[in-house]
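Reviewing the structure listed below.
No hydrogens, no waters, no symmetry mates; every other heavy atom, side chains included, goes into these values. Chain identifiers are assigned alphabetically (A, B, ...) following the order of the sequence lines, protein sequences preceding nucleic acid strands; residue numbering begins at 1 within each chain.
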Amino acid sequence: MREYHPQEIEPKWQQKWEEDGLYRAVVDQSKPKFYALTMLPYPSGNLHIGHWYAMTPSDVRARFKRMQGYNVMFPMGFDAFGLPAENAAIQRGVQPQKWTLGNIASMKRQMRTMGAMFDWEREAASCLPGYYRWTEWFFLKLYEMGLAYRKKSPVDYCPQCKTTLAREQVIGEDRVCERCGAEVIKKDLTQWFLKITDYADELLDFSQIDWPKQIKTLQTNWIGRSEGAEVLFKVAPEDLPADAEEGEGELLVFTTRPDTLWGATFMVLAPEHPLVKRITKPERRAAVEAYRLEAERQSEIERLSTEKEKSGVFTGAYAINPVNEERIPIWIADYVMLTYGTGAIMAVPAHDERDFAFAQKFNLSIPVVIETEEWVAAGRPEPLPRAYPGTGQMINSGSFDGTLAPHPAVEEVTAWLVTQGRGKAAINYKLHDWLISRQRYWGAPIPIIYCDQCGIVPVPYEDLPVLLPDDAEFMPTGESPLKYNAEFLHTTCPRCGGPALRETDTMDTFACSSWYQYAYLSPYYREGEVVRGDELPWDAEEANYWLPVDTYTGGAEHAVLHLMYTRFFTKALRDAGIVDFGEPMLQYRSQGIILGEPRSGDFVEINGTWEGSAFQADEIFVTSFEDEDSWLKPERSDICVAGEVLDRDEVSLKVRTAVEGENLVVVQVAEGTPVHVPGKEAGALGDILYHLDVEKMSKSKKNVVAPDELIDEYGADAVRAYLMFGWRWERGGPWDSQGIGGVVRWINRIWKVVLVEPRDSAAPTSQAARTLRREMHQAIKSVGEDLENFSFNTAIARLMEYVNALTEAQAAYWGSDLWSEALDNLLLLLAPITPHLAEELWAERGNAYSVHEQSWPTWDPAMLVRKTREIPVQINGKVRGHITLAADAGEEAIKAAALAEPNIQRYTEGKEIVKIIVPGKRLVSIVVR
RNA sequence: GCCGGAGUGGCGGAAUAGGCAGACGCAAGCGACUCAAACUCGCUCGGGCGACCCCCAUGUGGGUUCGACUCCCACCUCCGGCACCA
């Protein structure tokens, strides 16, 4: 028999498929289309197991759709701009383009070993001028629409990446950079923004798309819509400076609780609020200024900790509460942020916890204006022991007393404010506009020119692309190399022809990936040609046919980054008339992460001597972990150390011993120290295993699984199948190097059950034939449903069951028509999952090339019906016996058989049978008393 | 603190219009083959028992139901996100 050698058959078929253009996605109006897309990788130069985990199941599904009769496009490209290329340029003097294209070439080579149906003729790399010309083109579109603007504001800056970041790219409580993990600082800079906030409400509407709840929740929370009112407060006229302009003392505040206005006893401004300097009384100036500086410093270093005590300073000025004309003091405090709402709040201490804490600390009055249920239940304590934010009736609020708060009180008070000209209904969002300026070279240039005469002038469409110069100098200055490239920087104004300067910042790479799904329609469209703003950025026929994306897959870590930006981009493109739909991806699913494999370190006993706090090894023994008795005893510690190896390098071991207290010992190992490893003649330090926890894979943690090595050992098909089988795809989990053996054994069984004639033969029976047919139809049904539902692990499990059934039927049916049908169907079901194996065996059986051009098999419900069925019988809800009956037995017959079952009779004897339930003839439930 | 998600054998995980818990696999144990090992094949494999019957068991405690991993209430733990958002 020919053995299964994936290393031979896989490259062979990959080459043939490519030569035959088997996966070319060509517009074909006679077929329904299916656009399957998986997130494009950054070309780091090395494909890791995470790429395989994300891409191969997506490929399986694309192949499945293809067999179902869809014309499938499954393209791949590279998110090729970004910092690593520029850092390589700084460190090693390699041109970013050269570095990037080299990485793309090697990654493509690795990706071809997946056996995926990527259509490489649609490949797009975002760093090539034919691509970024259009990224610039979209920027101009957005600029024309008023969706791109420049403003000075406090922005997030990563000192490590030496560039500004979007708010979404600052992660977590520690406020670290999404890319490099460095702590982000604040800077006041003039930067370009995209007005994603214009689409806040639309982005909250997920009704047209099938996306995971988790992603929808994350985006919803990030957008952070809250409804309320804007209320106009005025600074007391005597507290305004003499030169105050008309309207300068107007303080707009946003509140979700306008019904509590009568309880607003002070106002708080953000320390950076522009009005602070104008209204602060001379005697308060020193204190206010000191506080402002302190707040600024804090926002840079230690961010707001949750438990921090409230702090603030009185400005000396007062405002007038518009509902009762009372003078209320204006304070500044760092718990009010300039970036949310208007940067000013009305403080209602009785009904807001933060305001309560502040009022208590500074002895401000806390009048009750809502008679909340909790407060009444507590016996109306005064002074209030805490804030009462709950529901109740309004009191001390003039004519509104007795109104139920918050509803309908909020609505009624808002309506009244409108009639008074003192407020209006308003909505606020946490979402900020998307800062896209990056002070880096390796990104798409922002196509803008600054002219002394004409101001900000967009580069005319006809002049695109603004090309990155290839002679830029890379210095670790922290400023864009473009700024120091005279030829790039200096230009002429397209409007007046005078001397002008180019924008030297480039765009956030998320701008490139916000439209890449469209780039695959016509990669590098009309490269080298002059195009106008009113032309389309891709071939219209391609777009009309393929768009939008039907299924998108990728990592959930992009929930509020790429996945939100690309929705925004598409909505903007729709409003520009460029596309005619508002959602780029109809269905999206996210995969989990494969983590590093945990491992215990070897248990070692080491003889040697102490040298200070380190231990010098004379001889090392690797022993059994279970042997806890030999763990280091304190009294022996001067000559011997024993424990688990936590870490190892070329000259030392870190050993965790059983000694109380200081149990971590660093053991120095001189060259030539004898190492005894069981099962090895001559042990070496490198043979000793050190401890690994379940953690994300990373080179520094030495827990990386290299796909290339797995392919060499097991073949791509086995790796594909294992990645589908080992975990729930959407969840992921730690790698298990032993688990793949089960899949490899399974594939070998498939090989044998198809190719090897059984030694024994058995007599076919009608019963066995029926069973085989049933298993076959069951497999077709289940595998199809599971692939449709992204339930990859159960799809493989069903196929394993089917192969087990075939192994059993082999002796009786080898060579029969039924056997032939059963095997062909097996190969068809395997085709998307293990494409090379299926193709090889398909050819081996003499079938016409290619298995991937075949239709997905159909199943017949009639074939799933069993002739007899076994039905469990319950007494008071517990299974006490089983009966076997013909499938068409009536309910009465089932009941009779159940009552006749011997063990059931034991339970019914002498008892009263209350009732017998037979739901759907699947089960009998007898209730006795 | 708030918002999501999840808790099932030694491990990965099956099973939810409520109906035989543990499919499929890993690991482990025993056996066959082999001079031997590996491979391969067969059997066992949640706990209490040698075995049947039976009892316990899907994070905890209640509830609904003839019947609950599945539904309801309260709680615990873990993971992810947000975090003084007015």
Which part of the nucleic acid, if any, lies within reach of [X] when heavy atoms closer than 4.0 Å are counted: base, sugar-phosphate only, or nothing?
{"X": "A:G172", "value": "sugar-phosphate"}
{"X": "A:Y429", "value": "nothing"}
{"X": "A:N428", "value": "nothing"}
{"X": "A:T794", "value": "sugar-phosphate"}
{"X": "A:D352", "value": "nothing"}

Legend entry - Selection from B:G13, B:C84, B:A27 that lies nearest to any side-chain heavy atom of A:Q738: B:A27

Legend entry - The single option from A:Q905, A:R906, A:E901 passing side chain to side chain donor-acceptor pair (under 3.5 Å) against A:N903: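 The passing option is A:R906.
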
Look at [X] and [N] and indicate whether a side-chain polar atom (N or O) is within less than 4.0 Å of OP1 or OP2.
{"X": "A:Y340", "N": "B:C82", "result": "no"}
{"X": "A:R731", "N": "B:G80", "result": "no"}
{"X": "A:K213", "N": "B:G5", "result": "yes"}
{"X": "A:R880", "N": "B:C54", "result": "yes"}

Inset, instruction - Applying side chain to side chain donor-acceptor pair (under 3.5 Å), name anything that partners A:E411, two or more places apart in sequence or on another chain. - result: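 A:E411: side chain to side chain donor-acceptor pair (under 3.5 Å) contacts with A:H407.
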
Legend entry - Face-on cation placement of A:R567 at A:W211 ring, 6.0 Å and 45° thresholds: yes

Legend entry - Six-ring centre of A:Y388, A:R386 cation under 6.0 angstrom, axis tolerance 45°: yes

Inset, instruction - Please work out which residues in residues 914-924 of chain A have a non-hydrogen atom less than 4.0 Å from an atom of RNA chain B and list them by number. - result: A:K915, A:I917, A:P919, A:R922, A:L923

